[in-house]
Novice: 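Below are the structure tokens for one structure; questions will follow.
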Amino acid sequence: MLEFKDYLREKIHKLLEKKYPIDIMELEISYTPQQKMGDLALTFPFQLAKKLKKEPRKLALEIIPLISPLEGVERIEAAGPGYINLFLEREKFFSSQLRSTGKTSLSPEEEKIIIEHTNINPNKAAHIGHLRNACLGDTLGRCLKYKGENVEIQNYIDDTGVQVADVAFGFMELEKKTLSQIKEIKEKFDYYCWDLYARVSSYLESNPQAETRKSEILKKIEQGENPEHETANHISRRIIKAHLKTMGRIGVDYDFLPCESSVLHLKFWEKAFSLLKEKKAISLAKDGVNKGCWVMYLEDEPEKEKIIVRSDGIVTYVGKDIAYQLWKFGLLEEDFYYEPFIKEDGKIVWISTATPQKESPSFGKGSKVYNVIDRRQAYLQKIVVQGLKSLKYLSQAEKSIHFSYEMVALSPKSLKELGFSITEEEEKKDFLEVSGRKGLGVKADDLLDMLEKKALAEVEKRNPELSENLKKETAHKIATGALRYFMLKFALNSLIVFDFEEALSFEGETGPYLQYTVVRINSIFRKLAEREGFEEKDIKPLLSSKEIPLQKLSESEQVDFWDLVLYASKFEEEVLHSIRSLEFSHLAKFSFNLSQKFNAYYHLYSILAEENKEIKSIRILTIHYIREVLKRALSLMGIPQPELM
RNA sequence: GCGCCCGUAGCUCAGCUGGAUAGAGCGUCUGACUACGAAUCAGAAGGUCGUAGGUUCGAAUCCUGCCGGGCGUACCA
């Protein structure tokens with residue numbers, strides 16, 4: 001449809017530009033609310049009426065003869081107060097849609113796009129908040145790749161930060177464990193650290209004198225080559241592996257893991273610091289509360305100072321982030337060294353290191369960068385962009401996108417279900433923030449386990465004859481589908497108050513509903529093959545037959561057929577719209593609505609039992625088309641497609 | 001205080017840069033499986049779109065005030 005609309009827009013513009021003051025950008029083509037009104041609607045007579053001080057309806061009537069006939073359009077009507085409605089030539093449109101399945105009319109616009117997502121502190125297990133981040137980032141990546149963009153996925157690892165130091169402190173001071181004793185821990189390590197981190201946090205709260213030792217650990221971790229560093233390094237590497245495994249369960253993966261330790265040791269910050277000083281992007285505060293700090297000013301609030309380097313000379317987190325952002329755009333004149341971290345299915349995930357390596361893949365040097373990070377960090381992200389602006393990297397600042405979304409919080413009810421005790425004050429709140437510090441949260445693997453267990457029970461019920469492996473694999477796909485759809489269905493601005501019942505649902509507006517729809521279509525094709533020997537390869541000849549005799553369908557079937565096909569044809573527009581707005585809930589809703597329309601159609605029109613060959617062929621082509629679109633939509637959302645369920 | 005965001009059906013949410021009669025899911029109530037798989041479908045009930053103004057051919061959507069809620073605003077990350 002996207003292509004067809006572009007064609008119409010250009011054609012109509014060409015036909016009218018000499019007579020009317022009309023810009024091609026204003027020539028919007030929308031859809032009618034009802035099929036009987038037509039398929040596409042032009043609203044420009046309203047805008048034009050304002051300019052020419054004429055009645056919109058009269059203008060519409062005046063314009064129609066000038067733009068007809070249009071290729072692919074059966075007839076044109078004026079409607080309502082001044083709409084121009086187009087009725088498409090259905091057979092022609094349908095067959096062109098059928099021929100273009102699998103191809104995309106979208107095209108790339110960037111040299112290279114870098115997406116940074118997940119970014120979990122490597123000191124504890126991943127939780128539901130991280131899942132939202134990863135699902136959004138991964139879906140963006142999939143959609144951009146479909147659009148034809150060159151995409152690189154990075155997952156930044158803060159392996160020298162306070163949070164890792166906390167857990168190192170826990171092992172060394174609270175548990176008095178040596179590195180080899182830590183290595184011997186057999187339990188799920190990220191879970192072990194989750195609990196330990198919470199213990200450390202409360203210990204430090206009641207024993208503030210221990211902060212001295214913690215600071216010492218932090219410093220030593222940064223320095224390297226000492227027991228504290230060895231311990232912290234072991235913790236972070238082992239936790240990263242756990243995170244990658246968790247994300248791998250839902251089909252999320254990465255190309256490169258840049259580490260803060262490398263940023264430090266390769267002196268990225270020093271380089272960025274001298275650039276910032278040189279261009280006067282930051283200045284040394286001579287007096288006031290921030291005396292002795294290097295500060296930056298935001299363009300739109302010049303009275304406010306943001307500290308980049310503290311008076312003790314230590315660079316803040318956001319300072320390091322500026323350096324990293326510069327590197328991502330290839331503006332730093334420095335690079336990481338790279339080594340393989342893990343290999344899976346032949347794909348290598350690379351990690352940064354400060355020591356020179358033989359192999360050197362190329363990362364970074366993006367022309368556009370998306371940072372997937374929740375809304376609470378909007379201010380810091382703004383400072384990072386300000387850094388680029390101050391250095392006069394204006395186009396990069398423009399293409400430095402904070403992909404911002406609201407957090408996932410917990411309802412007091414779900415906290416109770418998890419066995420946490422909550423205070424009366426907390427009980428009254430609508431929601432509570434997930435807190436790693438307090439150990440308050442739903443762990444990603446726990447949620448996935450629950451989903452898989454429930455899905456397995458459903459599969460057992462419906463398909464007891466399947467092999468154990470196939471049952472498990474199917475349950476896993478259903479669990480992934482449920483989770484990923486759940487994380488995408490809400491708009492970015494919507495704070496998700498996590499509820500187990502809702503998240504564990506497989507009915508209604510859920511991932512499994514979409515999967516079930518595809519399974520049903522597959523099942524029809526399977527039966528066509530079994531009963532009639534009609535194979536997938538037999539679809540093509542149906543396609544190439546000259547005519548699709550839609551008039552053979554009953555009137556009501558024509559209406560239902562067209563409603564379904566026209567809706568499906570909006571797919572690429574939806575993908576593009578989702579990318580532009582970063583609202584993948586659009587794609588999710590579109591897929592759900594399309595499934596709903598298909599399921600309604602399915603109940604009304606039988607394929608296998610239809611005796612009229614022509615009608616049967618049309619129906620086969622219809623469900624084939626819907627399946628192609630749905631499969632593509634699911635794959636862009638990372639929702640797996642089970643054969644049976 | 002300042003900045004940003006949110007208030008739409010009993011509950012959870014859609015509603016794109018203003019467009020034709022405000023939509024889904026869940027829940028409630030009525031129906032439909034000797035099957036193209038009921039993880040589904042059909043139907044019913046349910047809304048002064050927080051509130052008061054403004055902008056215009058047209059406002060849930062844009063602007064302003066007010067009410068209610070959230071987040072941010074660290075020499076933390």
Side-chain angles (χ1 to χ4, degrees), chain A residues 28 30 32-34 37 41 43 46 49-50 55-57 79-83 85 121 158 161-163 260 285 289-295 300-301 303-304 306-314 316-318 320-321 374-380 382 404 406-407 409 429-431 433 455 458-459 461-463 478 482 489-497 499 501-502 505-510 512-513 515-517 519-521 523-528 531 573-574 577-578 580-581 583 585-586 588-589 592-593 595-596 599-610 619 623 644-645:
Chain A
E28 259 180 66
S30 54
T32 62
Q34 276 182 45
M37 296 175 176
T43 54
F46 293 101
K50 208 173 276 178
E55 272 179 56
R57 185 164 173 93
Y83 295 97
N85 291 349
N121 266 306
D158 185 4
V162 190
Q163 295 211 19
E260 183 164 277
V289 280
N290 297 328
K291 190 179 173 188
C293 300
W294 286 88
V295 299
D300 44 355
E301 33 188 351
E303 71 289 347
K304 210 166 186 174
K306 178 65 202 175
I307 293 159
I308 306 297
V309 182
R310 308 191 318 207
S311 57
D312 59 5
I314 293 173
T316 58
Y317 170 81
V318 70
K320 284 177 273 191
D321 219 16
D374 78 61
R375 213 173 67 85
R376 289 170 294 184
Q377 298 214 36
Y379 183 62
L380 293 175
K382 211 170 152 184
S404 164
E406 260 293 0
M407 61 178 165
K429 296 201 169 192
D430 291 334
F431 63 87
E433 272 187 54
E458 299 288 331
V459 174
K461 204 158 66 189
R462 284 159 237 249
N463 300 289
I478 293 167
K489 74 191 267 194
F490 301 97
L492 299 178
N493 257 334
S494 176
L495 181 136
I496 301 178
V497 181
D499 178 74
E501 201 181 316
E502 208 188 335
S505 169
F506 296 157
E507 284 165 24
E509 197 196 334
T510 65
Y513 179 94
Q515 293 171 314
Y516 186 65
T517 308
V519 164
R520 270 182 155 173
I521 303 177
S523 168
I524 296 172
F525 279 106
R526 197 171 44 247
K527 295 236 158 102
L528 277 170
R531 294 183 194 173
E573 268 177 293
E574 292 293 335
H577 184 208
S578 296
R580 296 250 158 95
S581 60
E583 280 290 5
S585 56
H586 291 315
K589 303 271 176 200
F592 173 67
N593 289 334
S595 297
Q596 267 192 325
N599 281 319
Y601 175 88
Y602 168 95
H603 276 268
L604 284 171
Y605 307 105
S606 172
I607 285 106
L608 291 175
E610 178 55 45
R619 290 183 186 164
I623 68 165
L644 297 164
M645 64 187 278

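Per chain, numbering begins at 1; letters A, B, ... match sequence-line order. Computed from a predicted model, the values in this text were never measured in an experiment.
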Novice: How long is the line joining NZ of K589(A) and C1' of A22(B), in whole Å?
Specialist: 15 Å
Novice: How does RNA chain B look in dot-bracket form if you count Watson-Crick and G-U pairs under 3.5 Å, write [ ] for pairs that cross, and put | where a base pairs with another strand?
Specialist: (((((((..((((.....[...)))).(((((.......))))).....(((((..]....))))))))))))....
Novice: I want to verify a distance call: between A20(B), G37(B), C16(B), whose nearest atom is closest to the M37(A) side chain?
Specialist: A20(B)
Novice: How should the glycosidic conformation of C33(B) be described, syn or anti, under the criterion that syn lies within 90° of 0?
Specialist: syn
Novice: Between Y379(A) and K304(A), is there a cation-pi geometry (under 6.0 Å to ring centre, at most 45° from the normal)?
Specialist: yes
Novice: To the side chain of E509(A), which of A39(B), U40(B), G25(B) is closest?
Specialist: G25(B)
Novice: Look at the side-chain N and O atoms of N493(A) and state whether any lies under 4.0 Å from the OP1 or OP2 oxygen of C6(B).
Specialist: yes
Novice: Atom pairs under 3.5 Å, N or O on each side, protein against nucleotides 32-34 of chain B: can you list them with distances?
Specialist:
none

Novice: How far does the C1' atom of G54(B) sit from the matching atom of G68(B), given to the nearest Å?
Specialist: 23 Å
Novice: What is the ring orientation for F46(A) with Y83(A), classed by angle as parallel under 30°, tilted 30 to 60°, or perpendicular over 60°?
Specialist: perpendicular
Novice: Can you tell me how far C1' in C57(B) sits from the matching atom in G65(B), rounded to whole Å?
Specialist: 27 Å
Novice: Taking only the P atom of each, what is the distance from C11(B) to U51(B) in whole angstrom?
Specialist: 15 Å
Novice: Looking at M407(A), is its backbone amide N or carbonyl O close enough to the side chain of R375(A) to form a donor-acceptor pair, meaning the two atoms are under 3.5 Å apart?
Specialist: no
Novice: Would you indicate what F592(A) reaches in the nucleic acid, counting non-hydrogen atoms under 4.0 angstrom: base, sugar-phosphate, or nothing?
Specialist: sugar-phosphate
Novice: Should R462(A) be listed as having a side-chain N or O under 4.0 Å from OP1 or OP2 of A39(B)?
Specialist: yes
Novice: Among G19(B), A39(B), U40(B), which nucleotide sits nearest the side chain of N599(A)?
Specialist: U40(B)
Novice: Between Y83(A) and A20(B), do the rings stack, that is, sit under 5.5 Å apart with planes less than 30° off each other?
Specialist: yes
Novice: If we only count heavy atoms from C-beta on, is the N599(A) to R520(A) side-chain gap below 4.5 Å?
Specialist: yes
Novice: Is a side-chain donor or acceptor of S523(A) paired with a backbone partner of V519(A) at a separation under 3.5 angstrom?
Specialist: no
Novice: Q596(A) side chain N/O closer than 4.0 Å to the phosphate oxygens (OP1, OP2) of G25(B)?
Specialist: yes
Novice: Will you find, in the side chains of S585(A) and E583(A), an N or O donor that is under 3.5 Å from an N or O acceptor?
Specialist: yes
Novice: Nearest heavy-atom pair of N463(A) and M645(A): which atoms, and what distance?
Specialist: ND2-O, 2.9 Å
Novice: Please measure how far the P atom in G23(B) lies from the corresponding atom in U30(B), and state the result in whole Å.
Specialist: 26 Å
Novice: Please tell me if Y516(A) has a side-chain N or O lying less than 4.0 Å from either OP1 or OP2 of C41(B).
Specialist: no
Novice: Could you write nucleotides 70-77 of chain B as a row of B, S and -, 5' to 3', where a protein heavy atom under 4.0 Å of any base atom gives B, of only sugar-phosphate atoms gives S, and otherwise -?
Specialist: BSSS-BSB
